[in-house]
Amino acid sequence: MVFGAGGGIGGAVVEALRALRSFEHVVPFGRSTSPAIDLLDEASLERAAAVAAEKGELRLAIDATGFLHDERQLPEKSWHELDAAKLARSFALNAIGPALLMKHVLPRLPRKGKSVFATLSARVASIEDNRLGGWYSYRASKAALNQLVHTAAIELARRHPEALCVALHPGTVATALSAPFAKTGLEVHEPSAAAAHLLDVLDRLSIDSNGGFFDWRGQRIPW
Ligand SMILES: NC(=O)c1ccc[n+]([C@@H]2O[C@H](COP(=O)([O-])OP(=O)(O)OC[C@H]3O[C@@H](n4cnc5c(N)ncnc54)[C@H](OP(=O)(O)O)[C@@H]3O)[C@@H](O)[C@H]2O)c1
């Protein structure tokens, strides 16, 4: 299952999985698929998980949804820009929506054999790595996502000892999300390359990686 299949990275992950042919079905979900998902509508997430589960064992779920900016909201440069409604919106999309996805997907993972739920977080969520400041809503909502992933991973291990629940940083990827912040000198990956990196990392992760936060090279990121 791929959530956020209409996004830059999510779309590339769907294409990469189809090309791999390792899975019997690749089931994309987005706001324009049928059934559609909306992170703000829990019933749509539950329905998507159930629809995918009907097709066979759920071995891999990738959540490539996420929110940084749109016409209503830009990342904050200063505490002067903090706004309760905008903070709440970032948390709803980047932390609460993915948490509800975990609620409906994790119990459906197989009890035996490797299976993975991976959600796309961001290195800027790392508290230890935060030297620049700014981007309050995005950083904090993705840090909340990391804590939700780590907590769910502990519960998951009790009944699904071979399953993994992890957070991944895809690197800087040329998508609509990163476009307004493109700077020269940054290492920027095409979505197809990012998808290949992420699938390679997921393939290499072993059970001691459950609950962790990894970058596109497979290296652990400090919390
Ligand atoms: N690009 C980067 O450099 C970069 C760096 C670090 C982390 N990330 C993370 O990687 C993930 C994917 O980002 P991207 O670069 O591929 O961005 P993107 O192209 O903007 O994709 C974002 C995805 O989130 C989905 N989404 C947003 N609001 C939603 C909602 N209410 N309900 C359901 N889906 C919703 C969008 O769905 P629609 O297709 O329906 O609009 C889209 O599929 C995000 O979590 C982002 O934070 C990206």
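Computation of the quantities below employed the complete heavy-atom set of this structure, encompassing side-chain atoms and omitting hydrogens, waters and symmetry-equivalent molecules. When a ligand or atom number is given, it counts from 1 through the structure's own listing order. This structure is a prediction, so every number in the text was calculated from the model and none was measured.
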Report yes if some heavy atom in the side chain of Leu205 is under 4.5 Å from a heavy atom in the side chain of Phe214; otherwise report no. yes
Which residue and atom name correspond to the protein heavy atom nearest atom 18 (P) of ligand 1, and how close is it? Gly8 N, 3.9 Å
Using distance alone, decide if ligand 1 has a nitrogen or oxygen within less than 3.5 Å of any nitrogen or oxygen in Gly66. yes
Which pairs with one or both residues in residues 84-107 pass salt bridge (charged side-chain N to carboxylate O under 4.0 Å, His left out), sequence neighbours excluded? Glu42-Lys103, Asp70-Arg89
Please round to the nearest 0.5 Å and tell me the distance separating atom OG of Ser121 and atom CZ of Phe213. 4.0 Å
Heavy-atom side-chain proximity of Lys114 to Leu164 below 4.5 angstrom: yes
Against ligand 1, does Gly30 come closer than 4.0 Å with any heavy atom? no
Indicate yes or no: does an N/O atom of Ala176 lie under 3.5 Å from an N/O atom of ligand 1? no
Salt bridge (Lys or Arg N to Asp or Glu O under 4.0 Å) partners of Asp129, counting only residues at least two apart: Arg131
Check ligand 1 against Ala122 and write out every atom of the ligand that is under 4.0 Å from a heavy-atom position of the residue. 6 (C), 7 (C)
of all protein heavy atoms, closest to atom 32 (N) of ligand 1 is Leu39 N, 2.9 Å
Quick one: look up the protein heavy atom nearest atom 47 (O) of ligand 1 and list residue, atom name and how far away it is. Tyr138 OH, 2.5 Å
Atom 34 (N) of ligand 1 [closest protein heavy-atom partner, distance rounded to 0.1 Å]: Thr65 CG2, 3.8 Å
Looking only at heavy atoms, the pair that brings Leu168 and Ala118 closest together is CD1-CB, 4.0 Å
Count the heavy atoms belonging to other residues, nucleotides or ligands that lie under 6.0 Å from CZ of Arg72, then report whether that count exceeds 12. no
Under 4.0 angstrom from ligand 1, any heavy atom of Gly171? yes
Among all protein heavy atoms, pick the one closest to atom 14 (P) of ligand 1 and tell me residue, atom and distance. Thr175 OG1, 3.6 Å
Joint cluster assignment, Val166 & Leu60, ILVMFWY side-chain distance < 4.5 Å: yes
May I ask you to check if ligand 1 and Ile9 share an N or O to N or O distance below 3.5 Å? yes
Touching ligand 1 at all, Lys142? Heavy atoms, strictly under 4.0 Å? yes
At under 4.0 Å between heavy atoms, which part of Ala174 makes contact with ligand 1: side chain, backbone, both or neither? neither
Atom 21 (O) of ligand 1: the protein heavy-atom neighbour that sits closest, reported with distance to 0.1 Å: Gly7 CA, 3.4 Å
Under 4.0 Å, counting heavy atoms only: does Pro191 come that close to any atom of ligand 1? no
Examine His169 against ligand 1 and note whether any of their N/O atoms are separated by less than 3.5 Å. no
Would you check if there is a donor-acceptor pair between the side chains of Gln73 and Ser90 at a distance under 3.5 Å? yes
Report yes if some N/O of Leu93 lies less than 3.5 Å from some N/O of ligand 1; otherwise report no. no
Counting neighbours of CD on Glu24 that are heavy atoms of other residues, nucleotides or ligands and sit closer than 6.0 Å, is the number greater than 12? no
For atom 41 (O) of ligand 1, what is the closest protein heavy atom, and at what distance to 0.1 Å? Arg31 NH2, 2.7 Å
Answer with yes or no whether Ala64 contacts ligand 1, where contact means a heavy atom under 4.0 Å from a ligand atom. yes
Is it the case that more than 12 heavy atoms not belonging to Leu186 sit under 6.0 Å from its CG atom? yes
Heavy atom of Phe3 under 4.0 Å from ligand 1? no
Could Arg31 and Asp38 be called an ion pair, given the rule that one side-chain N must be under 4.0 Å from one carboxylate O? no
Mind checking whether Asp38 has a heavy atom under 4.0 Å from ligand 1? yes
Please find out if less than 6.0 Å separates the ring center of His69 from that of Phe181. yes
Enumerate the atoms of ligand 1 whose separation from the nearest heavy atom of Gly4 is less than 4.0 angstrom. 43 (O)
Minimum-distance protein heavy atom relative to atom 20 (O) of ligand 1: Leu177 CB, 3.7 Å
Heavy-atom side-chain proximity of Ser115 to Glu162 below 4.5 angstrom: no
